[in-house]
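Here the structure is laid out as structure tokens; the discussion comes afterwards.
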There are 2 protein chains.
Amino acid sequence: MTTIYDLAKKTGISKSTISRVVSGNGYVSETKRKIILDAMHEMNYIPNQVAKNLRKKRTNTIGFLTKEYFPLVGEFLNSFTKIAAKHGYSVNVYFTQTADKELKTLRLLTTHALDAVFILTRINSWDTISSYAKFGPISTWHRVNRPNIYSNFIDHYPIYYHVIDHLYKNGHKNIGHVLSSLRNANTRARIRAIDDFNTSHPDSNQDFRLFYHTQTGTGEDAAKKWLATKNRPSSVMFYADFVAAEFISTLRKNGKKVPDDCLVVGSDNSEIAHMMNMPTIDLCFRNQAHNAFIYLYNELNPDRLPYENQNPHWVDAY
Amino acid sequence: MTTIYDLAKKTGISKSTISRVVSGNGYVSETKRKIILDAMHEMNYIPNQVAKNLRKKRTNTIGFLTKEYFPLVGEFLNSFTKIAAKHGYSVNVYFTQTADKELKTLRLLTTHALDAVFILTRINSWDTISSYAKFGPISTWHRVNRPNIYSNFIDHYPIYYHVIDHLYKNGHKNIGHVLSSLRNANTRARIRAIDDFNTSHPDSNQDFRLFYHTQTGTGEDAAKKWLATKNRPSSVMFYADFVAAEFISTLRKNGKKVPDDCLVVGSDNSEIAHMMNMPTIDLCFRNQAHNAFIYLYNELNPDRLPYENQNPHWVDAY
DNA sequence: TTGAAAGCGCTAACAC
DNA sequence: GTGTTAGCGCTTTCAA
């Protein structure tokens, strides 16, 4: 492996000058630059990233943390990684699984193994997590209110209210809700929307409410609960497309027709929503991925990259 | 940030001895070990991974390369990352997109930024790719026959033949095939299976054959071709669940009934197959992920981890 | 069983 | 413009 030292020996030019042309910082005369460039090609020189990292205390690597895998992880990661790569960052994926392993991953910030961290799904409390922000910027798509964690969140209240209203006007008086965990601020926002709507529309029924901490097996469980319900909602709204999809698939296995027997509404506007022909709510996760990276980049670098606008909206089945 | 040097200064013990207890190599007296351990806790010492990497010329990081995103990427990555994490490796994901960027990623092997590489979807020729194997082990799930690339491939011939036969016996005389690129050895194996079956069953019709290089928009395109066909196959087999799912979804949008109008068979046994209630072929991608990692690990380390057995099989819709 | 010393390959003051 | 020098934090001979 050719090093900068080999290049110096070969050309008779000092390491520092060579470093200058490789990294593009500082002045180097055209004649020397040419000699060095030629030698680089001839000797097939590739700078050692690890040595550079040690010296600069930077790895240009961002950690992407998720507790577990669910289909949206892949789509989100795809968006995040692409924007990161575009700006010279690579992405390390961690399926944290346990609180302990999540902490261990966060600690990589302290050793400069990771420059920054994005959190898709967390395990530890935001207080614990935010205590690592002094070692490197942290961002998430969750709705969290901490001074040192960037949250590119979407307020679910208005769009959720809007969708309930839309369903109501289309004749759905009994609407079910499959929601995420209550520790999630946007779950609480959704509940406020439900309650507020109910108050102004007393003839509507929004009693069917389920809460889940995870996405695995959830749609199936919700479907069983729906099937076991006497006064079944004619429409059910979900906190994730994937869960909604599993719900639909379970209903169909049980001889029900979707959307005739039950109109299912997802959230995310992911691939799977189109696949299942269900209406969904676009909550702009692609922009969120983008903006979450932009924040980290802007914290890490002197220049400023612009944020993208976000516009949550209803997406018809098509 | 506490360094090994700070520890040395504080305890009055040399850096080398401290290094020995941190890394667990070499003899250290119990008394000194205790002093060091205590100091480590007290000062909250976390070894700097980057410095270690530079010194050892190892990063314990494996590159996961895929040309583009499609749903199976996520599921595969999930399996791969988990087994890797279990053995102390983290995984860097690269969506390579272009031949040039793929090469650039491969070059990370030469600088010791990546210890090894797994290739899910490639762009450059295997000859080009394999020339990097001297810098670090490379594995893939593709069927490739190069001495220095580990291929944990499944021969699609027997299972594919078996499934055609199964469909035929269930009354499907006209079977369509949506296949991957012909440069793919297993695509050719599938074609051999089709042709061999046809030779021994002249009354069967297997003329509907489509070939694709990518997974995006493919299912929709195939569906349109199916709809435009006069003598439509009563069953279509696919090279990927995701493509099959898009096919189903497009047929349904066009008023067709699945499986009544067309029995769709996927390949992969991924989440989406269950979601769409379609039969599929389990080609053991989870084991392939496992074994692909095992190979890299075994090349990189003195100890030997065992491989998992693979048993491709038909999976009913359920 | 321990410590001194020599780097891994690169960057960045600083001096000239 | 360019070279000298001093590290980044760690591991690993080698000698004691």
Side-chain angles (χ1 to χ4, degrees), chain A residues 1-37 39-40 43-61 107-115 135-136 302, chain B residues 1-37 39-40 43-61 88 107-115 135-136:
Chain A
M1 217 196 86
T2 312
T3 73
I4 210 167
Y5 177 80
D6 300 328
L7 247 30
K9 205 163 52 180
K10 176 166 171 105
T11 59
I13 300 171
S14 80
K15 287 193 301 174
S16 16
T17 305
I18 294 173
S19 172
R20 283 184 194 106
V21 356
V22 173
S23 64
N25 306 329
Y27 300 105
V28 178
S29 68
E30 271 317 306
T31 44
K32 291 218 171 177
R33 159 166 282 123
K34 198 186 162 342
I35 297 172
I36 293 168
L37 250 21
M40 276 168 61
M43 302 182 73
N44 218 328
Y45 171 71
I46 297 159
N48 182 316
Q49 197 56 46
V50 181
K52 197 183 256 176
N53 292 345
L54 175 60
R55 184 57 230 237
K56 312 244 286 190
K57 293 172 181 280
R58 280 286 175 94
T59 53
N60 275 36
T61 302
R107 265 188 225 120
L108 294 174
L109 283 175
T110 72
T111 65
H112 303 290
L114 253 29
D115 287 352
F135 302 110
Chain B
M1 213 197 90
T2 312
T3 73
I4 209 167
Y5 178 80
D6 300 327
L7 246 30
K9 204 163 53 183
K10 176 166 173 108
T11 58
I13 299 173
S14 79
K15 287 192 302 176
S16 7
T17 306
I18 294 174
S19 171
R20 285 184 192 103
V21 357
V22 173
S23 64
N25 305 328
Y27 300 104
V28 177
S29 68
E30 270 319 305
T31 44
K32 292 218 171 179
R33 157 165 283 124
K34 199 183 159 345
I35 296 172
I36 293 167
L37 251 20
M40 275 168 61
M43 303 184 72
N44 216 329
Y45 171 71
I46 297 160
N48 182 316
Q49 197 57 45
V50 181
K52 198 183 253 174
N53 292 345
L54 175 60
R55 184 57 228 232
K56 310 245 286 191
K57 294 172 179 280
R58 279 286 175 93
T59 53
N60 276 36
T61 302
R107 265 186 226 121
L108 295 173
L109 283 174
T110 73
T111 65
H112 303 292
L114 252 29
D115 287 353
F135 301 111

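Per chain, numbering begins at 1; letters A, B, ... match sequence-line order. Basis for what follows: all heavy atoms, side chains included, without hydrogens, waters or symmetry-related copies.
The OH atom of A:Tyr45 lies 7.5 Å from the CE atom of A:Met1; values are rounded to the nearest 0.5 Å. Atom CE of B:Met43 and atom NZ of B:Lys10 lie 6.0 Å apart (nearest 0.5 Å). Taking CD1 of B:Ile35 as the reference point, atom CD1 of B:Ile18 lies at 10.5 Å (rounded to 0.5 Å).
One can place CG of A:Leu54 at 12 Å from P of D:dT11, the figure rounded to the nearest angstrom. Distance A:Tyr5 OH to C:dG9 C1': 12 Å, rounded to the nearest Å. A:Tyr27 has its OH atom 8 Å from the P atom of D:dG1, to the nearest Å. B:Ile4 has its CD1 atom 12 Å from the C1' atom of D:dT12, to the nearest Å. The distance from atom CD of A:Gln49 to atom P of C:dT11 is 9 Å, rounded to the nearest whole Å. Atom CZ of B:Arg58 is separated from atom P of D:dT12 by 12 Å (rounded to the nearest Å). For the pair B:Ile18 CD1 and C:dT2 P, the computed distance is 12 Å after rounding to whole Å. Here D:dC8 presents its C1' atom at 14 Å from CZ of B:Arg55, a figure rounded to the nearest Å.
Here A:Lys15 lies in heavy-atom contact (under 4.0 Å) with a base. Using a 4.0 Å heavy-atom cutoff across all strands shown, A:Ser29 reaches sugar-phosphate atoms only and no base atom. B:Thr3 comes within 4.0 angstrom of sugar-phosphate atoms only, judged by non-hydrogen atoms across all strands, and of no base. Backbone-only engagement by B:Val28 is indicated by non-hydrogen atom pairs under 4.0 Å involving sugar-phosphate atoms exclusively.
In this model, the phosphate group of C:dG3 is approached by a side-chain N or O of B:Lys32 to a distance below 4.0 Å at OP1 or OP2. Between B:Lys57 and the phosphate of C:dG9, there is a side-chain N or O to OP1/OP2 separation shorter than 4.0 Å.
Put simply, the side chain of A:Ser19 and the base of C:dA12 share no donor and acceptor less than 3.5 Å apart. In the interface, the side chain of B:Ser16 is not paired with the base of D:dT11 through any donor and acceptor atom under 3.5 Å apart.
Residue B:Ile13 is the one, among B:Ile13 and B:Lys56, whose nearest nucleotide of DNA chain C lies closer to the 5' end (criterion: closest heavy atom). Residue whose closest nucleotide on DNA chain D sits further toward the 5' end, between B:Ala51 and B:Thr17: B:Ala51.
Checked against C:dC10, D:dG9, D:dG3, the side chain of A:Lys52 finds its nearest nucleotide in C:dC10. Taking only side-chain atoms of B:Arg20, from C-beta outward, the nucleotide of C:dA12, D:dT12, C:dG3 with the closest atom is C:dG3.
Across all non-hydrogen atoms, the minimal contact from A:Thr59 to A:Asp115 is N-OD1, 2.9 Å.
A donor-acceptor contact closer than 3.5 angstrom is absent between the side chains of A:Ser19 and A:Ser16.
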